[in-house]
Q: 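Please find one structure pasted underneath; my questions will follow.
Along the sequence shown, the residues carry numbers beginning at 1.
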Amino acid sequence: MAISLYDISVASYLQTLGAVEGFLQKGLDHFTEAKTDPNDIVGVRLYDDMLPFAFQIVSVQHHSLHAIEGCKAGVFGPPGAMGELTYADLQKM
C-alpha cells in the first residue's frame, strides 16, 4: 500500500500550526488584559541554554512550510537569521 508524503506530513503540520496560532492568540489576549507589552516575551528564554521564544516560533514555521518546500527542492537546512521580530510578526508567521 502506497502512502504519500502529503498524507504523512501535512495533517500534522496543520494541527501544529493551528495549535501555535491558538496559543499565540491566547497569549496576546492575556497581555492585552494585563495591559502589558506582548513584545516583552519575544526575546525571553525559558531556560538559560534555550534559544529565545521568537526562535521557537520561527522553528515551527521552518519545520512545516519550509520542510515541504525543502522536500520539493531536495534541499533543507536550518533557518536563517531572524532579525528583529515583534509579537505581531510571530503571529503572521
Q: The test is side-chain contact (heavy atoms from CB on, under 4.5 Å); show your working for Q25 and Q91 and say whether it passes.
A: CA-CA 8 Å; Q25 185 58 52; Q91 286 187 291; 3.5 Å; yes

Q: Would you compute the distance between atom CG of L28 and atom CD1 of I41 and round it to the nearest 0.5 angstrom?
A: 11.5 Å

Q: Can you list everything that forms a ring-ring contact (aromatic ring centres under 6.0 Å, His included) with H63? Sequence neighbours excluded, please.
A: F76

Q: Pairing donors with acceptors under 3.5 angstrom, does anything connect the side chains of S4 and D7?
A: yes

Q: Apply the test side-chain contact (heavy atoms from CB on, under 4.5 Å) to residues D37 and F31: give CA-CA distance (whole Å), side-chain angles for both, the deciding distance (0.1 Å), then the verdict.
A: CA-CA 6 Å; D37 186 356; F31 289 123; over 6 Å; no

Q: Once rounded to the nearest 0.5 Å, what's the spacing between atom CE of M93 and atom CG of L24?
A: 10.0 Å

Q: Is there a side-chain contact between L90 and T86 in this structure, where contact means two heavy atoms from C-beta onward sitting under 4.5 Å apart?
A: no

Q: With a cut-off of 3.5 Å and sequence neighbours excluded, list every side-chain donor-acceptor pair involving residues 45-62.
A:
from : atom 1 : to  : atom 2 : distance (Å)
R45  : NH1    : M50 : O      : 2.9
Q56  : NE2    : L51 : O      : 3.0
S59  : OG     : F55 : O      : 2.9
H62  : NE2    : G77 : O      : 2.5

Q: Working to the nearest 0.5 angstrom, can you tell me the gap between D89 CG and E84 CD?
A: 10.0 Å

